[in-house]
Enquirer: 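My structure is below; once you've seen it, I'll send some questions.
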Amino acid sequence: MTNQEIAHILYNISEYLAMEDVPFKPRAYEKAAINIEALEESVSDIYKKQGFKGLEKISAVGKGIAYKIEEYIKTGKIKEYEALKKKTPVKLDELSAVEGVGPKSILKLYKELKIKTVKDMERAVKNKKIENIEGFGPKSQENILMAINFLQKSGGRFPLGYILYDIRRIEERIKKLRGAKKILLTGSIRRMKETIGDADLLVSVANKKAAEEIMDYFINMPEVAHIYSHGTTRSSIKLKNHLDFDLRVVPEKSFGAAAQYFTGSKDHNIELRKIAIKKGLKLNEYGIFRGKTPQGRGRQIVGRTEEEIYKILGLKNIEPEMRENTGEIEASQKNRLPKIIGYNDLCGDLQMHTTWSDGQNSIEEMAKKAMQMGLEYIAITDHVRGSFNHNVSGKELLNQGKEIDKTNKKFKNFKILKGGEVDILNDGRLFMKDDVLKKLDIVGASVHSNFKMSKQQMTERIIRAMKNPNVDILFHPTGRLIQMRPAYELDIEKIIRAAKETKTVLELNSYFNRLDLKDEYVRMAKNAGVKISIDSDAHSVSHFQYLELGIAQARRGWLEKKDVINAWPVDKMLKMLK
DNA sequence: GCCGTTTTCGGCCCGACTGTTTTCAGTCG
C-alpha cells in the first residue's frame, strides 16, 4: 500500500466531486493527495506507529480524509469511492489525461454517449457524435481528436535535459526580435524539475504592436506542429518534438509579477496569495494591487521585478528551484533560507569514464574539456567489474595510473585523480581486491546487476559496501533511469544513516536520465549531515554539460557549498574522504 | 473537507482563452 496509491485515489475522488460541482471539497482532496504524494514516510507506516492521530497530522488531512485512509488501510477499499466509481463508471485516469477534457466534460460525455474510455471517446469523435451534444461543437470535437492523438504518441512528460537545450535555442531567437525587451523561461523549466510537461516563455514588450509581432513569429516558427490558441497576451503551440510550448507577453511594468506567477509552483503561489490577502493586497500576474478602481483591479504597487513582489510580502527572494511550498516560504519569512550552491560553484567532477572502459574520449581529452568548463580537478573512474566487456582489471588500473601521472605533468593548476567505479556484488562485497582499491585516490561503488532483490537484501548489500574503508562514494545510489527503469527497492533512510556512520559520500549523478539521488532524498541526506558529490558520470566530453542538471537538483534539495565535496578545493576534498 | 497570530464558523487563488453562447461554462496553469 504505497503513498502513490492513496494519493491516486484521493485525486480521483477530487475529480468525481468536481464532476458534480461540489464546492471546495475537490480542492481539499487534491491538496491532501499532493501532500501525501510528497511525504517521505509511508502513510501505512505512520498509521502503524501513530494510528488515526498520525494520519490527522499530515498536512491538509483532517478527520474526514483520515477516516477514508484508515478504511483503505484496513479493508483495501473506500466505500464512498466505490460508490462514486459505480455511479460514473469511467476510466478517470485515461479520460482526464486527454488535454482539454475535464471532469464536467467526462460526466456529460458519459451521460449522453456512455463514453467510458479513451477508445470510446475516439470512436465517438470519428462518428461525429460529440459535436451534437449541447455545450460541444465541431471545434471541441476536433480538439479532442488532436489531444487523443498526442496521448497515444507520447507519454506526456520529458526529461529536462532532453529538451532544455532546444528550448534555449528558441529563446535566443525570440530574444533577438525587435520589440522583445526582457525574456525568461518560466514554469518547471525555471524550477529545473527533473521532468517537464511543457515549456513557458515570458516576454515583456513596450507596446501592443511589438506583442503582435512576437506572437506572430512564435506561431509561425518552423518547429511548430500545431497551434492550440493564439491571443495577444498568450499563445499556445505544440512543437514537432511533441512538447507543448506557451508564450506569454506582458508589459514591462508587470514583468516581475508575471515571472513570479508563471514560475510557480502552483502551491508556492497560492501561499503567496494568501500572504497578500492577509496584508490587504491582491497578487496576480500583473503585480501587487491595493484597493479597488472602477476597472476592478486596484492600484498597482509593485510588479516590475520579482524581488519587489517578495519584499512587499515580507519575504527574502527565493531561488526558483526552491519554490515548491516545502518550507521555503517560512524559511524566507524568518530569514533562514540557506545560501544554496551556485551554478559556477563546482571545482571538480568525481565520476567519468574514458576509452579505458566504456567512454568515448581519452583521459587527456576529458581533462582538457573539464578545464574549459572551469573545473580544477577530475577523477577518472572507469568501470571495475566482471560482468561486462568494457571494464578495467586490477593490472590495467595500475597502468592507467601511470598514464594519469604522465598526463598530469602537462597541466598547471589542474589535477587528474585516480579512481574507479567498482561494482557491488550481490552479497555486498566489491568486485576488486582491497589492496588495489587502496592505491586509488577515489573509489566509487555502485550496483549494476541483480536489481530485483528484496528491499531488505538490497539495503544490506549496499550498506555492506559502504562499510568498506576504501569506498569513498556511493555512485547513483538508487539506480533509477528516469522514464525507463524505476529505482531498485531500497530503504533510503537506512542508507542515509549508514552513509553518516561510515562517512561515505552519496553521489548526486547529473546524467540527464539519472539525477540520482532525487531532490527529496538529497534534502534528507543534507539534513542527516551526509556529504554529497555532484558528478557528471560523463562518457564523453559532451556530457559535462549535464553537471548543470545535477547542480539544479542539488539546489532543489537545498544543498549549500559546504554540503558538496566537489565544490571544495582538491586538498580539502581529499582530506575528508575515508 | 480543511483550517485558524482576525476565526471552531465561514471562508477557501485568480485570470486567459476557447467554444459555445448572446453573457457564460469549462479547462488550464
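If you're wondering where the values come from, they're calculated on a predicted model, not measured in any experiment. Throughout, a chain's letter reflects where its sequence line sits, starting with A, and its residues are numbered from 1.
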Enquirer: Within the structure shown, what part of the strands sits under 4.0 Å from A:Lys139 by heavy-atom distance: base, sugar-phosphate, or nothing?
Expert: sugar-phosphate

Enquirer: Is A:Lys282 near enough to B:dG15 that one of its side-chain N or O atoms lies under 4.0 angstrom from OP1 or OP2?
Expert: yes

Enquirer: Return the value, rounded to whole Å, for the distance between atom CD of A:Glu134 and atom P of B:dG19.
Expert: 18 Å

Enquirer: Quick one: sort the A:Tyr67 and A:Phe52 rings into parallel, tilted or perpendicular, breaks at 30° and 60°.
Expert: tilted

Enquirer: What interatomic distance, in whole Å, is found between C1' of B:dT20 and the corresponding atom of B:dG11?
Expert: 32 Å

Enquirer: Strictly below 4.0 Å: does A:Ser229 bring a side-chain N or O up to OP1 or OP2 of B:dA16?
Expert: no

Enquirer: Rounded to whole Å, please give me the gap between CD in A:Gln300 and C1' in B:dG15.
Expert: 16 Å

Enquirer: Strictly below 4.0 Å, N to O, side chains only: are A:Lys85 and A:Glu82 in salt-bridge contact?
Expert: yes

Enquirer: Remember a base hit wins even if backbone is also touched, and classify A:Lys108 as base, sugar-phosphate or nothing at under 4.0 Å, heavy atoms.
Expert: nothing

Enquirer: Taking only the C1' atom of each, what is the distance from B:dG26 to B:dT21 in whole angstrom?
Expert: 13 Å

Enquirer: Tell me the interatomic distance from A:Lys57, atom NZ, to B:dC3, atom P, rounded to whole angstroms.
Expert: 14 Å

Enquirer: Do A:Glu70 and A:Tyr47 get their side chains close enough for a donor-acceptor pair, meaning under 3.5 Å?
Expert: yes

Enquirer: List the steps and the verdict of side-chain contact (heavy atoms from CB on, under 4.5 Å) for A:Lys181 and A:Phe255.
Expert: CA-CA 10 Å; A:Lys181 300 278 185 187; A:Phe255 185 79; over 6 Å; no

Enquirer: Across all strands, who's sitting opposite B:dG4 as a Watson-Crick or G-U wobble pair, both distances under 3.5 Å?
Expert: B:dC9

Enquirer: Which whole number of Å gives the distance between the P atom of B:dG15 and that of B:dT6?
Expert: 24 Å

Enquirer: Between A:Gly231 and A:Arg27, which is nearer to the 5' end of DNA chain B once each is assigned its nearest nucleotide?
Expert: A:Arg27

Enquirer: Using a cut-off of 4.0 Å on non-hydrogen atoms, how would the nucleic acid contact of A:Pro138 be classed: base, sugar-phosphate, or nothing?
Expert: sugar-phosphate

Enquirer: Looking at every strand, decide which applies to A:Lys63 at a 4.0 Å heavy-atom threshold: base, sugar-phosphate, or nothing.
Expert: sugar-phosphate

Enquirer: Assign each of A:Leu283 and A:Ser59 to its nearest nucleotide of DNA chain B by heavy atoms, then name whichever residue's nucleotide is nearer the 5' end.
Expert: A:Ser59

Enquirer: Quiz question: by atom type and distance under 3.5 Å, do the side chains of A:Ser42 and A:Asn3 form a donor-acceptor pair?
Expert: no

Enquirer: Considering only atom P, compute the distance from B:dT8 to B:dT18 and round it to an integer number of Å.
Expert: 45 Å

Enquirer: If the cut-off is 4.0 Å, is A:Asn284 near the phosphate of B:dC14, judged by side-chain N/O to OP1 or OP2?
Expert: no

Enquirer: Please report the interatomic distance CG(A:Asp519) to CZ(A:Arg555), rounded to the nearest 0.5 Å.
Expert: 13.5 Å

Enquirer: Rounded to the nearest Å, what distance is computed from the CG atom of residue A:Leu17 to the P atom of nucleotide B:dC2?
Expert: 12 Å

Enquirer: For A:Glu20 and B:dG1, give me the distance from atom CD to atom C1', rounded to whole Å.
Expert: 17 Å

Enquirer: Regarding A:Asn143, tell me which of base, sugar-phosphate or nothing describes its non-hydrogen contacts under 4.0 Å with the strands shown.
Expert: sugar-phosphate

Enquirer: If we take the P atom in both B:dC28 and B:dT23, what is their distance in whole Å?
Expert: 26 Å

Enquirer: For A:Lys91, I'd like to know if atom NZ has over 12 heavy atoms of other residues, nucleotides or ligands within 6.0 Å.
Expert: no

Enquirer: Do we count A:Phe24 as stacking onto B:dC2 if the rule is ring centres under 5.5 Å and planes under 30°?
Expert: no

Enquirer: Does the side chain of A:Lys68 get closer than 4.0 angstrom to OP1 or OP2 of B:dG1 through an N or O atom?
Expert: yes

Enquirer: Under a 3.5 Å threshold, yes or no: a donor from one side chain and an acceptor from the other, between A:Glu99 and A:Asn143?
Expert: no

Enquirer: Considering only the P atoms, how many Å lie between B:dG19 and B:dG1, rounded to the nearest integer?
Expert: 36 Å

Enquirer: Just the rounded figure in Å: distance from P of B:dC13 to NZ of A:Lys279.
Expert: 19 Å

Enquirer: Can you tell me if the side-chain N/O atoms of A:Ser236 get under 4.0 Å from OP1 or OP2 in B:dC17?
Expert: no

Enquirer: Rounded to whole Å, how long is the line connecting atom CD1 of A:Ile270 with atom C1' of B:dC3?
Expert: 15 Å

Enquirer: Please check if any side-chain donor atom of A:Arg523 sits under 3.5 Å from a side-chain acceptor atom of A:Thr326, or the reverse.
Expert: yes

Enquirer: What does nucleotides 22-29 of chain B look like as a protein-contact string, B for base, S for sugar-phosphate only, - for none, at under 4.0 angstrom between heavy atoms?
Expert: ----SSSB

Enquirer: Could you tell me how far B:dC13 sits from B:dC3 if I compare only their P atoms? Round to whole Å.
Expert: 13 Å

Enquirer: Starting at CD1 of A:Ile133 and ending at C1' of B:dG19, how long is that distance when rounded to a whole Å?
Expert: 15 Å

